[in-house]
Amino acid sequence: MKSEPDAYSIKDLEREEQTLWDGIRNYQARNFMRSMKVGDQAFFYHSNTKPPGIVGLMEIIETNLIDPFQFDKSSKYFDNKSKRDNPRWDCVKTKYICEFKNMITLKELSETYTSEELTLVRKGNRLSIMPINQNIALELLKKFNQN
DNA sequence: GCCAACGTTGGC
DNA sequence: GCCAACGTTGGC
C-alpha cells in the first residue's frame, strides 16, 4: 500500500497506531482493497520520495468501511456521483506493526524481482494498492530485513 | 522538469 | 461504443 510520506508516512502511523486508509479513488486499487481480510499484513510503501521503497509493515484490522470523504464537499476526495445509499468508495483500517531498520528500496526490489513476481516493479505501474504473492513477501522479508 | 503509462471525460 | 483530449501518478 503506497503513500506519499509528505501526506502520510510510516512515522505518522507509528504515532497514531492505526489509520483509516481513505482517499482511494481508483477502481482497481479499491477492488484489491476489498479482497483484504482482517489479520492480513501489508507492506507500507513510500512513493514520490527519494528513495521510494518499502518502509514497514501493517496489519489490516477492519474491512468494508465506507470512506467518509466521498461525502465531504470540502475534501479533495469528494465524489458527487457517490450516493449515501450506495457508496462507491470504501476502505480498510490498518494498524502499525513495525518500521524496517533499513527500508527496501524500489531499486533493490526491481533488481531482485521481475514484474511477474512483483507487480510493484512493473514499469509505469501507478496502482497505489496491489497484491503480493505470499511466498515472495516472506522471501522479501527474509532477504532484506534480517535483524 | 520530463515523460511513460495509464484512467477519466465527453463529444460524436 | 469509439476515441481524442486531458489529468494523474510517480520514477527518474
Side-chain angles (χ1 to χ4, degrees), chain A residues 1-16 18-36 40-60 62-145:
Chain A
M1 300 171 80
K2 296 184 188 173
S3 178
E4 301 192 9
D6 287 348
Y8 195 85
S9 74
I10 186 84
K11 296 283 186 202
D12 294 318
L13 181 60
E14 180 179 17
R15 196 178 55 248
E16 296 179 0
Q18 57 183 49
T19 192
L20 203 59
W21 206 270
D22 53 65
I24 300 301
R25 295 292 179 273
N26 170 287
Y27 288 106
Q28 232 185 317
R30 182 202 67 181
N31 292 342
F32 284 138
M33 199 159 51
R34 282 184 176 173
S35 70
M36 293 175 182
D40 283 353
Q41 295 188 359
F43 289 112
F44 195 128
Y45 178 92
H46 278 178
S47 65
N48 212 357
T49 187
K50 284 179 186 175
I54 299 172
V55 292
L57 263 184
M58 345 180 242
E59 181 183 334
I60 310 304
E62 277 183 70
T63 58
N64 285 315
L65 301 162
I66 292 167
D67 186 334
F69 295 101
Q70 65 194 305
F71 303 122
D72 180 353
K73 281 199 169 71
S74 67
S75 168
K76 68 168 177 170
Y77 298 121
F78 177 68
D79 182 350
N80 67 354
K81 294 194 200 109
S82 186
K83 300 285 167 262
R84 292 246 177 213
D85 55 4
N86 186 22
R88 182 180 290 192
W89 307 109
D90 45 56
C91 52
V92 298
K93 190 176 271 185
T94 71
K95 186 180 79 176
Y96 176 83
I97 295 180
C98 67
E99 178 178 4
F100 293 157
K101 284 196 173 63
N102 303 297
M103 72 179 291
I104 309 171
T105 63
L106 177 62
K107 183 165 181 289
E108 291 170 321
L109 290 169
S110 55
E111 283 166 359
T112 311
Y113 297 105
T114 66
S115 58
E116 285 76 32
E117 292 168 322
L118 190 64
T119 320
L120 175 72
V121 304
R122 201 181 71 215
K123 192 184 173 196
N125 177 43
R126 296 181 310 154
L127 274 180
S128 65
I129 295 178
M130 68 200 89
I132 178 169
N133 174 284
Q134 178 152 337
N135 292 330
I136 301 275
L138 293 173
E139 185 187 299
L140 197 153
L141 277 172
K142 218 161 141 187
K143 260 187 186 154
F144 293 100
N145 206 46

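Chain letters run A, B, ... following the sequence lines, proteins first, then strands; residues in each count from 1.
Side-chain polar atoms of A/Glu4 and A/Tyr45 form no donor-acceptor pair below 3.5 angstrom. Between the side chains of A/Tyr113 and A/Glu108, not a single donor N or O lies within less than 3.5 Å of an accepting N or O.
Proximity of A/Cys91 to A/Trp89: side-chain heavy atoms (C-beta onward) are nowhere separated by under 4.5 Å. A/Tyr27 has its side chain out of reach of A/Phe32: every pair of non-hydrogen atoms, C-beta onward, lies at least 4.5 Å apart. Between A/Asn133 and A/Glu117, every side-chain heavy-atom pair lies at or beyond the 4.5 Å cut-off.
The distance from atom CG of A/Asp6 to atom P of C/dG11 is 13 Å, rounded to the nearest whole Å. Following rounding to the nearest Å, A/Trp89 (CH2) and B/dG7 (C1') show an atom-to-atom distance of 11 Å. Atom pair A/Ile24:CD1 and C/dT8:C1' shows a separation of 14 Å (rounding to whole Å applied). With rounding to whole Å, A/Ile54 atom CD1 is found 12 Å from C/dG11 atom P. Between A/Met1 atom CE and C/dG10 atom P there is a gap of 13 Å when expressed in whole angstrom units. Rounded to whole Å, atom P of C/dG7 lies 17 Å from atom NZ of A/Lys76. Atom C1' of nucleotide C/dC12 and atom CG of A/Leu109 are separated by 16 Å, given to the nearest angstrom. With rounding to whole Å, A/Leu106 atom CG is found 14 Å from C/dT9 atom C1'.
Ring geometry, A/Phe43 versus A/Phe100: the interplanar angle exceeds 60°, so the pair is classed perpendicular (tilted spans 30 to 60°).
In terms of heavy atoms, A/Phe71 sits closest to A/Phe78 at C-CD1, 3.7 Å.
Within residues 115-127 of chain A, the residues having any heavy atom closer than 4.0 Å to DNA chain C are, in order of number, A/Arg126.
Of the side-chain N and O atoms in A/Tyr27, none sit less than 4.0 angstrom from OP1 or OP2 of B/dC6. The phosphate of C/dT9 has neither OP1 nor OP2 within less than 4.0 Å of any side-chain N or O from A/Lys2.
Note on A/Lys81: only backbone sugar-phosphate atoms sit closer than 4.0 angstrom, heavy atoms only; bases stay farther off.
Each of C/dG11, B/dG7, C/dG10 was ranked by its minimum atom distance to the side chain of A/Asn26; first place goes to B/dG7.
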